[in-house]
Amino acid sequence: QEQLVESGGGLVQAGGSLRLSCAASGRTFSRNTMGWFRQAPGKEREFVSAIRWSGASTYYAYYAGSVKGRFTISRDNAKNTVYLQMNSVKPEDTAVYYCAFQTSYSDYSDLREYDYWGQGTQVTVSS
């Protein structure tokens, strides 16, 4: 059973930065796709970013259009941790952010293709 624990959320002013962390336990995850999703009040959960192993030590990062150029996903396999660096945040980035773990090679942007989820961490961006 994979367990994911997010941290790093909080209150930040528009234009500021925040780094989210997601620590995974239960198995090594270096070859699994890890994703970040978010859910704002009254809205559906949406894809933010994912990082996927593509062979050897190469990983590819993917982003939603709304965060591309502002957010950066990375991972530290030695720590079983994935990060989401959020820069130039906007009020519309306010949401609960969830990390997720995919056991099979599936659509990285589809939340239905992820098998394990963290409990979420709140990010609030003030204007």
Side-chain angles (χ1 to χ4, degrees):
Q1 180 78 16
E2 190 67 37
Q3 289 187 328
L4 305 174
V5 179
E6 302 100 334
S7 61
L11 176 64
V12 60
Q13 287 190 333
S17 298
L18 209 59
R19 190 177 81 156
L20 307 183
S21 300
C22 174
S25 63
R27 67 167 86 180
T28 56
F29 77 147
S30 61
R31 296 187 178 186
N32 293 90
T33 299
M34 298 293 294
W36 285 97
F37 290 77
R38 67 187 181 186
Q39 187 166 18
K43 295 187 176 181
E44 294 186 349
R45 194 170 298 189
E46 64 175 6
F47 169 75
V48 175
S49 181
I51 186 164
R52 168 166 284 178
W53 180 70
S54 64
S57 59
T58 302
Y59 291 86
Y60 286 120
Y62 303 91
Y63 300 95
S66 59
V67 307
K68 195 169 186 179
R70 300 187 298 121
F71 292 8
T72 302
I73 191 171
S74 62
R75 63 197 294 163
D76 184 337
N77 292 332
K79 297 181 178 179
N80 267 16
T81 300
V82 64
Y83 304 96
L84 185 69
Q85 177 67 42
M86 306 168 60
N87 296 332
S88 302
V89 295
K90 304 174 181 180
E92 50 263 44
D93 294 323
T94 295
V96 177
Y97 283 71
Y98 299 89
C99 72
F101 179 97
Q102 194 175 77
T103 58
S104 61
Y105 195 90
S106 305
D107 184 348
Y108 59 80
S109 66
D110 188 345
L111 60 87
R112 298 170 297 179
E113 299 296 335
Y114 286 80
D115 304 282
Y116 299 99
W117 292 82
Q119 81 289 349
T121 186
Q122 176 70 48
V123 172
T124 303
V125 182
S126 62
S127 57

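Below, all heavy atoms of this structure are taken into account, side chains as well, without hydrogens, waters or symmetry copies. Residue numbers count from 1 along this sequence.
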Query raised in the report: Has Arg31 got its NZ or CZ under 6.0 Å from the middle of the six-membered ring of Tyr105, at an angle within 45 degrees of the ring axis?
Result: no
Minimum side-chain heavy-atom gap Trp36-Ile51 below 4.5 Å: no
Sorted by chain and residue number, the side-chain hydrogen bond (donor to acceptor under 3.5 Å, both in side chains) partners of Ser49 (sequence neighbours excluded) come out as none
Residues passing the side-chain hydrogen bond (donor to acceptor under 3.5 Å, both in side chains) test with Thr124, sequence neighbours excluded, are Gln122
Between Ala40 and Ala95, the two heavy atoms sitting closest are N-CB, 3.8 Å
Exactly one of Tyr98, Phe101, Phe47 clears ring-ring contact (aromatic ring centres under 6.0 Å, His included) with Phe37, and that residue is Phe47
Next item on the list: Check whether any side-chain N or O of Glu2 sits under 3.5 Å from a backbone N or O of Ser25 as a donor-acceptor pair, and report yes or no.
Entry: yes
Counting C-beta onward and ignoring hydrogens, is there a side-chain heavy-atom pair between Met34 and Leu4 closer than 4.5 Å? yes
For Asn87 and Ser17, the nearest pair of non-hydrogen atoms, with its separation, is OD1-OG, 2.9 Å
Taking every heavy atom of Gly10 against every heavy atom of Leu18, the minimum-distance pair comes out as N-CD2, 4.0 Å
Applied to residues 41-118, the disulfide (SG to SG under 2.5 Å) test, sequence neighbours excluded, yields Cys22-Cys99
In short, side-chain hydrogen bond (donor to acceptor under 3.5 Å, both in side chains) pairs touching residues 55-64 with sequence neighbours left out are Tyr59-Asn77
Practice problem: Report yes if the side chains of Leu84 and Arg38 come closer than 4.5 Å at any heavy-atom pair, otherwise no. | Solution: no
What one should report as the nearest heavy-atom pair of Val123 and Met86 is CG1-CE, 4.0 Å
Original post:
Is there a path of hydrophobic side-chain contacts, each under 4.5 Å between heavy atoms of I, L, V, M, F, W or Y residues, that connects Tyr108 with Phe71?
Top reply: no
Sorted by chain and residue number, the side chain to side chain contact (heavy atoms under 4.5 Å, CB included) partners of Thr121 (sequence neighbours excluded) come out as Glu6, Leu20, Tyr97
Value for OG1 (Thr103) from OH (Tyr116), rounded to nearest 0.5 Å, stands at 6.5 Å
Rounded to the nearest 0.5 angstrom, the OG-CZ distance for Ser106 and Arg112 is 11.0 Å
Under a 4.5 Å side-chain heavy-atom rule over Ile, Leu, Val, Met, Phe, Trp and Tyr, are Ile73 and Tyr114 clustered together? no
Interatomic distance, OG@Ser21 vs CG@Asp76, rounded to 0.5 Å, equals 10.0 Å
Side chains of Asp93 and Arg70 in contact at under 4.5 Å (non-hydrogen atoms): yes
Measure from the side-chain N and O atoms of Gln102 to the backbone N and O of Asp107, and report whether any donor-acceptor pair falls under 3.5 Å. yes
Value for OG (Ser127) from CD (Gln13), rounded to nearest 0.5 Å, stands at 9.5 Å
Q) Can Val48 be reached from Trp117 by stepping across I, L, V, M, F, W or Y side chains whose heavy atoms are under 4.5 Å apart? A) no
Taken in chain and number order and not counting sequence neighbours, the residues that satisfy salt bridge (Lys or Arg N to Asp or Glu O under 4.0 Å) with Glu92 are none
